[in-house]
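Encoded as structure tokens, the structure appears first; notes follow it.
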Amino acid sequence: MGEVTVTNVTEYQAIAKQKLPKMIYDYYASGAEDEWTLQENREAFARILFRPRILIDVSKIDMTANVLGFKLSMPIMIAPSAMQKMAHPDGEYATARAASAAGTIMTLSSWATSSVEEVASTGPGIRFFQLYVYKNRKVVEQLVRRAEKAGFKAIALTVDTPRLGRREADIKNRFVLPPNLTLKNFEGLDLGKMDQANDSGLASYVAGQIDRTLSWKDVKWLQTITTLPILVKGVITGEDARLAVENGAAGIIVSNHGARQLDYVPATISALEEVVQGAAGRLPVFLDGGVRRGTDVFKALALGAAGVFIGRPVVFSLAAAGEAGVSNVLKMLKDEFELTMALSGCSSLADITRNHVVTEAEKLGVMPSRL
Ligand code: FNR
């Protein structure tokens, strides 16, 4: 990787910024409107403090996690992020290989620049497929079947994007998928290219193709076209967590789409407990948004998450160093998480409890004291 040793996940962002054309870097980095939620996704983690326990044997740390019945090396997985070949020519192939080598799950975006079949061809690995529901349901049915056939193990249904959030950098840059690339899953369906627009080409694409009528009945419909478990990605309230349970979801991903959709929603780590309570133990709750440290992973698990996903660190490390970069991100997070467990007195995920952290709400006396 050259002269400077990368010692944490965040450092890849500056390297990516140097390497990538501005339009592409901005697409990866930006959030919606004022980017308040973007900042808050990080800051909210920083307001949660630890209550470590001492004098506990931590000579052996077991980080293995069970996600929908699959055994992973750690509770850290890869979120779907679109168009990874803009970051590096190996794109989604590199991400798939790095995830599989690390013993964890990659979620492939609907808008990947490699198809479900191409990603499957990289070799074995547990993979989820992220689904955007198009107005043309035949397209959706076909795509879900292809993902299933290619060996993907779950569908992450993104529910926070009836329209694209207002990402001002993309509007200024007139963001568009570079003409040498295609949204590979839609090649041959005449939906693989993105037209240049007067604002964000992606926002126009979404306005043209994505179904704004999407509702809970479609979550039921999806269950009639696939036997794969469905994770509802983009829940941030307890009410919707209850509805996800009622409508047959297999899991929930607490996500604000990396702060790229509705600005001024809370950080996901702040919304997590409410969602966990709404789910009432009836399905697993995962989280993404702002996870950059092993300490963040621990905090999410202490507040009830069954695992976390990372988004931007993947595209930034991919831009910096391809597959090796993504592998390094996964390794750094794993090592940091292991150290956090040891220093908190936890030798397995089951040892991590609500009492290992203290939140802002508790410090302010908003929540009843535990003691
Ligand atoms: C995303 N995200 C996303 N989500 C989704 O459901 N489908 C997609 O195609 C994409 N594409 C995408 C591209 C880029 C560049 C980013 C940064 C994000 C959202 C993603 O899955 C995840 O929710 C967030 O990225 C998590 O936040 P962090 O880790 O980026 O802070």
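Counting starts at 1 for both ligands and their atoms, in listed order.
- By the criterion of side-chain heavy atoms lying less than 4.5 angstrom apart, applied directly or through intervening Ile, Leu, Val, Met, Phe, Trp or Tyr residues, Val254 is grouped together with Leu283 in one hydrophobic cluster.
- The protein non-hydrogen atom at the shortest distance from atom 4 (N) of ligand 1 is Lys233 NZ, 3.0 Å.
- Near Tyr27, meaning under 4.0 Å from one of its heavy atoms, ligand 1 places the atoms 13 (C), 15 (C).
- Between Asp211 and Arg137 there is a salt bridge, since a side-chain N of the basic residue sits under 4.0 Å from a carboxylate O of the acidic one.
- One finds the CZ atom of Arg167 at 10.5 Å from the CD atom of Glu35 (value rounded to the nearest 0.5 Å).
- Considering backbone and side-chain N/O atoms, Ala82 comes within less than 3.5 Å of an N/O atom of ligand 1.
- When each of Thr37, Asn41, Thr268 is checked for a side chain to side chain donor-acceptor pair (under 3.5 Å) with Asn256, only Asn41 meets the rule.
- If you check each of Pro80, Ala259, Gly258 against atom 20 (C) of ligand 1, the one with the closest non-hydrogen atom is Pro80.
- With a 4.0 Å cut-off on non-hydrogen atoms, Arg292 touches ligand 1 through its side chain and not its backbone.
- No more than 12 heavy atoms of other residues, nucleotides or ligands shown are found within 6.0 angstrom of CZ on Arg166.
- In terms of protein heavy-atom proximity, atom 25 (O) of ligand 1 is nearest to Gly311 CA, 3.5 Å.
- Annotation for ligand 1: atoms under 4.0 Å from non-hydrogen atoms of Gly289 are 26 (C), 27 (O), 31 (O).
- Residue Asn328 holds its CG atom at 3.5 Å from OH of Tyr12, rounded to the nearest 0.5 Å.
- Salt-bridge formation is not detected for the pair Glu338/Lys334: no Lys NZ or Arg NE/NH1/NH2 atom is positioned less than 4.0 Å from an Asp or Glu carboxylate oxygen.
- Residue nearest to atom 12 (C) of ligand 1, selected from Ala112, Ala267, Ser109, Ser81: Ser81 (by heavy-atom distance).
- In the vicinity of Arg312, heavy-atom distances shorter than 4.0 Å reach the ligand 1 atoms 17 (C), 28 (P), 29 (O), 30 (O), 31 (O).
- Cluster membership check: Ile352 shares its hydrophobic cluster with Leu333, using side-chain heavy-atom separations under 4.5 Å among Ile, Leu, Val, Met, Phe, Trp and Tyr.
- Distances below 4.0 Å separate heavy atoms of Gln130 from the following atoms of ligand 1: 5 (C), 6 (O), 7 (N), 8 (C), 9 (O).
- Nearest to atom 26 (C) of ligand 1 by heavy atom, out of Val159, Asp288, Val308, is Asp288.
- If you check which protein heavy atom lies closest to atom 6 (O) of ligand 1, you get Thr158 OG1, 2.6 Å.
- To the nearest 0.5 angstrom, Glu323 atom CD is 11.0 Å from Ser317 atom OG.
- Here the protein heavy atom with the shortest distance to atom 19 (C) of ligand 1 is His257 CD2, 3.5 Å.
- For the pair Gly290 and ligand 1, the shortest N or O to N or O distance falls below 3.5 Å.
- For the pair Ser255 and ligand 1, the shortest N or O to N or O distance falls below 3.5 Å.
- Heavy atoms of Tyr132 come nearer than 4.0 angstrom to ligand 1 in at least one pair.
- Close approach to Ala79 involves these atoms of ligand 1, each under 4.0 Å from a residue heavy atom: 21 (O), 22 (C).
- For the pair Arg51 and Glu362, the salt-bridge criterion is not met [side-chain N within less than 4.0 Å of a carboxylate O].
- Contact between Met83 and ligand 1 is absent, with no heavy atom of the residue lying under 4.0 Å from the ligand.
- Around atom CD of Gln196, more than 12 heavy atoms belonging to other residues, nucleotides or ligands sit under 6.0 Å away.
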